[in-house]
Amino acid sequence: RSSDLTASLVAGLTMRESFEEARTSPASGPSDTSKPRPEYNIPPKLSLFFARDKIQQSLEAVLQRSNARQEALYASEHIRTFALCGGGGIGKTCIATNFVHTHKDLYDAVFWVNADSVTTLFYAYSEIAFLLNLQDRSKPHDMVECQRRVRAWLCGWNGPEASSRENIPWLIVFDHVTNPEDLREFWPNEGGGDILITTRCSLLDTNEFFGQLGIEVEPFDKHVALDFLRGLTNEQLNEPDRLVKATEIAEMLGGSPLALVSLSRLINQGYLGQDGVETFTRRRISLSESTQPLPDFPGATIDPVVSVV
């Protein structure tokens, strides 16, 4: 199965090369390349792309813009939306990060918004208002007014004094949506942009509010989990004894990418003896019994070096 992993990585690199070629075409780029693209809070680019084709294809089928339809879509009032749903540590944020870095050159503006509370939403919209020169940072300002101006900008009213609408291509990611209802005051109801959501809420819950398409991100099955581990551990699992122990723990972890990253670190440190298995098991049980939510990968304690897609 190591050959399958290599094939997945090669396919990912090939896909990236094709997008690099597409970016050189004027038809596929932003409408005005003379201006710097406003970007807010985008996570670092991930160095390894591990593909799950079903998710990638579903996401790109909805949000990826083709050259032939680019101009028409930008001139329309159609906002396309997609929700990545699933439990903590399952890879939703990495999927979104990979999509942003792969496709951001097709947009005139890209915003990454922490949406885990109304407070963080207001803060992000205030910062975006400063970025877009909709509000002077040096002057007293009201977060509610900043929110109103950014929402109007997304809808095509490109400034406080704008007298007519102008759709431009933008992408906004609402990451870690805790309560979809919180997005109502921040959600543009028209415009020429795309919206990507990551949330632990079910797809049914998100559809109830916004009707967007989406997918439930599932854990790895045991075969993919082992391929993933091989990619992270430089093929250190070829010895039968180590492979058996790694398989035992991988199955116990239920295919969670975040937990598998932690396991790979133990393997790379040579910590996969029986004592290591028991210690890892105890730590995993401690995590599962904790009242604190497990962070999505990549999180505060995980370096953003591996994309789980």
Side-chain angles (χ1 to χ4, degrees), residues 15 19 30 37-46 49 51-66 70 73-74 78-88 90-116 120-121 124-125 128 150-151 153-155 167-184 186-218 296-299 304 307-309:
M15 183 182 298
F19 284 125
R37 175 176 54 244
E39 296 182 359
Y40 172 71
N41 200 36
I42 300 175
K45 189 174 183 179
L46 300 154
F49 177 59
R52 284 191 278 182
D53 292 339
K54 179 182 177 181
I55 298 174
Q56 188 76 6
Q57 291 169 3
S58 298
L59 176 56
E60 293 184 349
V62 176
L63 295 188
Q64 182 179 337
R65 298 181 183 273
S66 63
Q70 193 100 343
L73 282 170
Y74 285 174
H78 177 57
I79 294 177
R80 293 184 296 183
T81 60
F82 195 91
L84 295 167
C85 305
I90 210 68
K92 305 180 298 295
T93 295
C94 275
I95 297 171
T97 299
N98 181 75
F99 180 85
V100 167
H101 283 284
T102 302
H103 297 280
K104 67 180 182 179
D105 286 348
L106 300 179
Y107 298 94
D108 280 353
V110 180
F111 311 116
W112 186 286
V113 174
N114 180 1
D116 62 5
T120 59
L121 284 163
Y125 268 49
I128 293 171
V150 171
R151 187 180 183 186
W153 187 93
L154 295 171
C155 291
N167 286 330
I168 67 168
W170 47 260
L171 171 66
I172 185 167
V173 179
F174 290 112
D175 189 34
H176 295 295
V177 175
T178 303
N179 180 9
E181 181 66 31
D182 290 343
L183 297 181
R184 286 198 183 274
F186 303 87
W187 192 273
N189 53 20
E190 58 186 354
D194 295 340
I195 298 175
L196 178 58
I197 295 170
T198 74
T199 180
R200 297 187 190 187
C201 299
S202 71
L203 187 57
L204 179 61
D205 291 336
T206 59
N207 282 337
E208 178 183 353
F209 289 104
F210 308 112
Q212 73 268 0
L213 298 174
I215 195 168
E216 296 282 350
V217 182
E218 300 291 339
D296 282 333
F297 171 71
S307 179
V308 183
V309 181

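Just so it is clear, the structure is predicted and the values come from calculations on it, not from any experiment.
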Do the side chains of [Y] and [X] get nearer than 4.5 Å, heavy atoms only?
| X | Y | value |
| --- | --- | --- |
| Phe99 | Val173 | no |
| Thr120 | His176 | no |
| Ile195 | Ile172 | yes |

Checking the side chain of Arg80 only, and the main-chain atoms of Asp194 only, is there a donor and an acceptor separated by less than 3.5 Å?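 Side chain of Arg80 to backbone of Asp194: no pair is present.
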
Can you tell me how far the CZ atom of Phe111 sits from the CD1 atom of Ile128, to the nearest 0.5 Å?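 It comes to 5.5 Å.
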
Quick one: CD on Glu216 to CD1 on Ile55, what's the gap to the nearest 0.5 Å?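 The CD1 atom of Ile55 is 10.5 Å from CD of Glu216, to the nearest 0.5 Å.
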
Pick one: which of Asp182, Leu154, Thr81 meets side chain to side chain contact (heavy atoms under 4.5 Å, CB included) with Trp187?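 Single pass found, and it is Thr81.
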
Locate the shortest heavy-atom distance separating [X] from [Y]; write the atom from each residue and the value.
| X | Y | value |
| --- | --- | --- |
| Val177 | Ile197 | CG2-CG2, 3.6 Å |
| Cys85 | Ser202 | SG-C, 4.0 Å |
| Trp153 | Ala109 | CH2-CB, 3.8 Å |
| Pro169 | Leu106 | CB-O, 4.0 Å |
| Thr198 | Lys92 | CG2-O, 3.8 Å |
| Lys45 | His101 | N-NE2, 3.3 Å |

side-chain contact (heavy atoms from CB on, under 4.5 Å) assessment of Trp170 paired with Ile79: CA-CA 10 Å; Trp170 47 260; Ile79 294 177; 4.2 Å; yes

Would you say the side chains of Thr178 and Asp116 form a donor-acceptor pair under 3.5 Å?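 On atom types as modelled, these side chains do not qualify, holding no pair under 3.5 Å.
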
Go through the steps to decide whether Val113 and Asn41 satisfy the test side-chain contact (heavy atoms from CB on, under 4.5 Å), and finish with yes or no. CA-CA 7 Å; Val113 174; Asn41 200 36; over 6 Å; no

Between Ile95 and Leu196, is the side-chain contact (heavy atoms from CB on, under 4.5 Å) condition met? List the steps. CA-CA 10 Å; Ile95 297 171; Leu196 178 58; over 6 Å; no

Sequence neighbours left out, what passes side-chain contact (heavy atoms from CB on, under 4.5 Å) with Pro43? Give chain and number order.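 With sequence neighbours excluded, Pro43 shows a side-chain contact (heavy atoms from CB on, under 4.5 Å) to Thr97, Trp112, given in chain and number order.
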
Give the C-alpha distance, both sets of side-chain angles, the deciding distance and a yes or no for side-chain contact (heavy atoms from CB on, under 4.5 Å) between Thr93 and Asp175. CA-CA 7 Å; Thr93 295; Asp175 189 34; 3.1 Å; yes

Under 30°, 30 to 60°, or over 60°: which ring-plane class applies to Tyr125 and Phe186, parallel, tilted or perpendicular?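 Rings of Tyr125 and Phe186: perpendicular, as their planes differ by over 60°.
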
Partner residues of Glu39 under the salt bridge (Lys or Arg N to Asp or Glu O under 4.0 Å) criterion, sequence neighbours left out: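 If we apply the salt bridge (Lys or Arg N to Asp or Glu O under 4.0 Å) test to Glu39, skipping adjacent residues, the hits are Arg37, Lys104.
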
